[in-house]
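Heads up: the structure comes next, in structure tokens.
Counting convention: from 1, in listed order, for ligands and their atoms alike. In this text the structure is predicted, and so the values were computed from the model without any measurement. When reading the values below, keep in mind they use all heavy atoms of this one structure, side chains included, and skip hydrogens, waters and symmetry mates.
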Amino acid sequence: MPFDPSSLRHLFPILSQPAHGHPLTYLDNAATTQKPLLVLDSIQDYYQTCNANVHRGAHFLSDRATNRFEQARENIARFINAPGQSHIIWTKGTTEAINMVALGLEHLLKKDDEILITSLEHHANLVPWQQLAFRTGARLRVLPLTSSGEWETEFSHYFTDRTRIFSATQISNAIGTSTPLQTMLDHAKQQSAFTLVDGAQAVAHYPIDVQALDCDFYVFSGHKMYGPTGIGVLYGKNHALEVLIPYQTGGEMVRHVSYQATEFNILPYRLEAGTPHIEGALGLAVACDFLLSQDRPALFAWEQHLANHVYQRLSKAGGMEIYSPEKHTTLVSLSVPNIHALDLNAYLDSKGIAVRAGSHCAHPLMAQLGVSGTLRASFACYNTLEEADRFCDVLIEAIDLLSDE
Ligand code: PMP
């Protein structure tokens with residue numbers, strides 16, 4: 001195998017502790033990844049050497065903090081190949097970024113306009129659009145997966161001259177299926193719709209080029225790509241960011257304020273009200289550098305290899321329904337008839353194995369699959385083949401045990 005996870009596992013000391021008396025096997029990476037020491041060090045270093053508020057003060061520490069903060073923005077721009085730092089808006093994460101766009105575009109929507117999403121969306125890329133539709137009289141439409149888990153061969157008819165916004169995930173957090181994004185984006189652009197890509201599940205796994213994607217907005221969370229929690233990114237094309245009405249107002253995002261009026265700041269600051277998550281931004285930039293320093297195709301191939309290995313072993317074992325695609329995914333999502341996913345989760349946890357059981361914030365998708373939830377094992381670059389096998393062994397053991405009850 002071309003990639004050896006032990007080459008970077010030492011960067012993640014959290015993984016070397018026991019859990020319930022067993023080696024910790026962390027397979028809940030689609031929920032959040034662990035953070036390499038470099039990221040942890042950058043946060044400590046920030047507080048030890050340059051803690052001050054950014055953009056405001058004119059003193060040594062403030063200049064230092066501001067420089068690092070703005071340098072971090074440059075790093076993010078490079079990481080996703082944005083044309084420049086003014087396209088990068090700091091957010092709390094994917095959820096805040098999508099809400100920012102939904103609220104910011106509200107003034108452009110009217111009754112009977114259409115907002116199109118897919119049936120794979122996380123609630124974060126559904127509820128903000130649904131609520132926007134309620135408020136404006138627009139219609140929320142859903143481009144569905146077929147019952148066999150494929151995309152319809154012809155879906156262009158979902159994109160109409162009323163489609164004003166198309167928002168889709170790159171990869172489903174719940175079942176690992178990818179969207180044929182480029183084709184969908186092309187259809188959306190033909191209708192002059194705004195396009196948003198939810199990259200929350202993609203950024204950790206493969207390089208993102210927002211200019212090649214040519215979407216209006218691209219959003220992601222730091223904590224799912226080895227960065228800190230509470231920090232994320234809204235990338236936008238210039239014209240797309242310019243039309244957004246800031247959903248929060250206050251300090252930092254203004255140029256001049258009187259009692260009569262406010263002159264807003266230029267991008268990216270216009271959309272960033274209040275003191276930002278400075279150490280989060282610095283940590284995220286380090287997480288980007290961590291990923292850029294790796295052989296990313298090799299990491300991605302390894303993560304897919306682990307998921308495929310689990311898929312093969314579990315389909316051979318039988319007695320369960322697997323919802324993830326066989327290939328080209330980094331997670332395996334499944335259910336076992338007559339055994340609740342939470343019971344399997346509890347058994348796995350008792351053996352030190354961390355996975356996720358539940359609806360994965362995708363109730364409509366679960367309803368379409370006909371289950372209340374699934375059990376999901378999701379892989380990151382530090383996971384080993386032994387961990388993948390332990391998951392399979394203990395899951396099969398749990399199914400045997402719980403079926404007898
Ligand atoms: N979209 C997808 C595809 C996700 O996986 C998640 C997190 N599970 C989100 C959006 C929301 O991300 P956050 O909670 O970091 O805002």
Side-chain angles (χ1 to χ4, degrees), residues 26-35 39 76 80 89-103 117-132 142-143 145 165-181 184 195-206 208 213 215 217-235 247-248 276-277 280-281 283-284 287-288 303 307 323-325 329-333 354-366 373-380:
Y26 187 78
L27 303 179
D28 194 16
N29 296 288
T32 202
T33 54
Q34 299 304 339
K35 326 300 172 198
V39 169
I76 307 296
I80 58 171
I89 313 295
W90 298 115
T91 68
K92 280 194 288 188
T94 306
T95 304
E96 187 183 41
I98 297 173
N99 276 281
M100 209 182 243
V101 175
L103 290 158
I117 59 172
T118 80
S119 60
L120 285 185
E121 303 312 321
H122 186 282
H123 294 162
N125 197 27
L126 187 170
V127 183
W129 303 119
Q130 178 193 64
Q131 298 301 309
L132 175 63
V142 182
L143 199 168
L145 264 190
I165 297 168
F166 170 65
S167 188
T169 191
Q170 253 173 316
I171 303 175
S172 157
N173 65 305
I175 57 173
T177 304
S178 301
T179 40
L181 203 54
M184 289 179 176
T195 53
L196 183 147
V197 175
D198 174 351
Q201 291 295 332
V203 276
H205 300 296
Y206 53 82
I208 302 300
L213 271 176
C215 50
F217 302 105
Y218 188 91
V219 300
F220 60 98
S221 303
H223 70 95
K224 290 181 196 284
M225 50 158 291
Y226 310 105
T229 45
I231 187 79
V233 169
L234 164 64
Y235 154 83
Y247 94 109
Q248 281 192 327
H277 184 7
L284 180 53
C288 291
E303 292 154 357
Y323 304 102
S324 304
T329 183
T330 59
L331 62 85
V332 179
S333 194
V355 292
R356 181 72 167 263
S359 66
H360 315 291
C361 296
H363 289 165
L365 178 60
M366 293 297 123
T374 70
L375 187 82
R376 180 189 70 189
S378 51
F379 297 93

Hydrogens and angles aside, do Asn29 and Ser378 bring a side-chain donor and acceptor to less than 3.5 Å of each other?
no

Ser119 and side chain to side chain contact (heavy atoms under 4.5 Å, CB included): which partner among Leu145, Leu143, Leu126?
Leu145

Distance-only donor-acceptor check, side chains Thr94 and Ser221, under 3.5 Å
yes

To atom 5 (O) of ligand 1, the nearest of His123, His122, Gln201 on a heavy-atom basis is Gln201

Is there any N or O on Glu96 that sits under 3.5 Å from an N or O of ligand 1?
no

Answer yes or no: is there a side-chain heavy-atom contact under 4.5 Å between Tyr226 and Val203?
no

Test item, His223 contacting ligand 1 (heavy atom, 4.0 angstrom)
yes

Please could you name the atoms of ligand 1 that Ser221 approaches to less than 4.0 Å, counting only its heavy atoms?
12 (O), 13 (P), 15 (O), 16 (O)

Below 3.5 Å, N or O to N or O, backbone or side chain included: is there any such pair between Thr169 and ligand 1?
no

Applying side chain to side chain contact (heavy atoms under 4.5 Å, CB included), run through Thr91 and Met100 and close with a yes or a no.
CA-CA 9 Å; Thr91 68; Met100 209 182 243; 4.0 Å; yes

Could you identify the single nearest non-hydrogen protein atom to atom 8 (N) of ligand 1 and state the distance to 0.1 Å?
Lys224 NZ, 2.6 Å

Protein heavy-atom partner closest to atom 3 (C) of ligand 1 - residue, atom, separation in Å
Asp198 OD2, 3.5 Å

Contact between ligand 1 and Lys92 is defined here as a heavy atom of the residue under 4.0 Å from a ligand atom; is it met?
no

What protein heavy atom sits nearest atom 16 (O) of ligand 1, and how far away is it?
Thr95 OG1, 2.5 Å

Would you please indicate yes or no on a ring centroid separation below 6.0 angstrom for His360 and His122?
no

Side-chain donor-acceptor contact under 3.5 Å, Glu96 with Tyr247:
yes

